Amino acid sequence: MNLRKRVAVQITPTAPFNFDATAYKPSHFPSSDNSWTKGTYWFTLNFQNRIYGIRLENRGEIETPRVLLTIYCDRPIEGDKIAEIIREVKWRFDMEADISGFYDTLRSDRLLEPILHRWKGMRVSCQYSLYELIIITIVLQNATVRRSVQMTEALLRRYGTSVRFDQKELNAFWRPDSLTGTSEDDLRELKVGYRAKSIKRISDAFARLCIDESKLRPLPTTEAKSELMKLYGIGPASVGILLFEALHRYDAFDHISPWEQKIYSHLLFNSDLVSPSQILEEVDRRWGSWKMLAAHYIFEDLFWRNKNRKVQWLEGLIKL
DNA sequence: CATCAGGGCCCTG
DNA sequence: CAGGGCCCTGAT
């Protein structure tokens, strides 16, 4: 699919805004629906039954942010569509957030202080819709990163749409109702294993509008959480990711997986292994309602440093 | 070659 | 509430 029509709009996020740290997350596994180089981020957007290519370009500075948004489509883009896409993109990259309280409150935390400085203006962000992020959390379950990548790409190749725009070739996610005629066995052929059941049942739930992202966004966290947990295959680990990344709940931190436990044990206690409950108590005490955003800063900083030059103690804790 | 765990979750007893 | 089973893969 060739997306030849385009419209460009300028966006002004709230300051401080760190473009690259917001668009590109080194802790996330790579996938063919997005691409990043310093100052530019491309991704596909399956939105309101239409497929778009999006390019974001940094046209400002951290304290005077400006982003040029270019929308690509295979047909002319109407004005009301443009407005809705702008609103959606602003939301997904948390561009209108005010996190000054985060910096003010946690400035004096010894572990965070240098990190807040290095990554000032980084926001939680997720280029995906809620449904798409759910698929990501499903393929993360009980799998190494390499296998998660394999499953994602297999699904995108089979059910997604390949689009070309701005000399990029990326895959767009399918819509939930695209899997209506698909069986679990069809999905299993893509080597997703027992996750086929979750993918099928969750896609059906979204297709039947049993769950609606726009209704979930304004809900109190506890309610949003219980709605999401009703989905087959979504448990405590996945819901944490969803609440933070898709719904921007900065305090969504009440579950720790074994690999994260090792990292927090090292960072917070300088120890090999501290119990999850002790870690949860400590992050709540130190970072309060900002605890997941704080953890996000720490993880992205860690992964970024590890990408450039291997962090010794991290070796062996994360399997790729 | 076999065995096992890996960025969980569901179900059972 | 603890623990077994689940798909598949690469590591050992």
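Since this is a predicted model, take the numbers as computed values, not measurements. Values below: all heavy atoms of this structure, side chains included; hydrogens, waters and symmetry mates excluded. Here is how names work: the chains are called A, B, and so on, in the same order as the sequence lines, proteins then strands, and each is numbered from 1.
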Expressed in angstrom and rounded to an integer, what is the separation of [X] atom [atom1] from [N] atom [atom2]?
X: A:Leu140; N: C:dC6; atom1: CG; atom2: P; result: 22 Å
X: A:Gln141; N: B:dG7; atom1: CD; atom2: P; result: 13 Å
X: A:Ile241; N: B:dC9; atom1: CD1; atom2: P; result: 8 Å
X: A:Lys191; N: C:dC6; atom1: NZ; atom2: C1'; result: 16 Å

With a 3.5 Å cut-off and no angle check, do the side chains of [X] and [Y] form a donor-acceptor pair?
X: A:Tyr250; Y: A:Asp94; answer: yes
X: A:His28; Y: A:Glu245; answer: yes
X: A:Asn18; Y: A:Trp119; answer: no

Answer yes or no: are there more than 12 heavy-atom neighbours, outside A:Glu213 itself, under 6.0 Å from its atom CD?
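Check passes, neighbour count above 12.
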Check whether any side-chain N or O of [X] sits under 3.5 Å from a backbone N or O of [Y] as a donor-acceptor pair, and report yes or no.
X: A:Thr105; Y: A:Gly101; value: yes
X: A:Thr44; Y: A:Asn171; value: yes
X: A:Ser289; Y: A:Asp251; value: no

Classify the nucleic acid contact of [X] as base, sugar-phosphate or nothing, counting any heavy atom under 4.0 Å across all strands shown.
X: A:Ser238; answer: sugar-phosphate
X: A:Phe29; answer: nothing
X: A:Arg195; answer: base
X: A:Leu231; answer: sugar-phosphate

Between A:Val192 and A:Gln150, which has a closest nucleotide on DNA chain C that is more 5'?
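With A:Val192 and A:Gln150 compared, the 5'-side residue is A:Val192.
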Any salt bridge linking A:Glu88 with A:Arg92? Criterion: basic side-chain nitrogen under 4.0 Å from a carboxylate oxygen.
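Salt bridge flag = yes for A:Arg92 with A:Glu88.
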Please confirm whether A:Tyr264 and A:Phe299 have ring centers closer than 6.0 angstrom.
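Yes: the rings meet the under 6.0 Å criterion.
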Both atom distances under 3.5 Å, Watson-Crick or G-U wobble: I'd like the secondary structure of DNA chain C as a dot-bracket string, with | for pairs made across strands.
||||||.|||||
What I want to check is whether an N or O donor and acceptor connect the side chain of A:Arg147 with the base of C:dC7 at under 3.5 Å.
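A donor-acceptor contact between them is present.
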Roughly how far apart, to the nearest Å, are C:dG4 and B:dA5 at atom C1'?
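15 Å, rounded to whole Å.
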With a 4.0 Å heavy-atom cut-off, tell me which residues in residues 267-282 of chain A come close to DNA chain C, sorted by residue number.
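Per residue number, the list is empty: none.
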Starting from the 5' end of DNA chain B, give me the residue, A:Glu260 or A:Tyr232, whose nearest nucleotide shows up first.
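Nearest-nucleotide comparison on DNA chain B picks A:Glu260.
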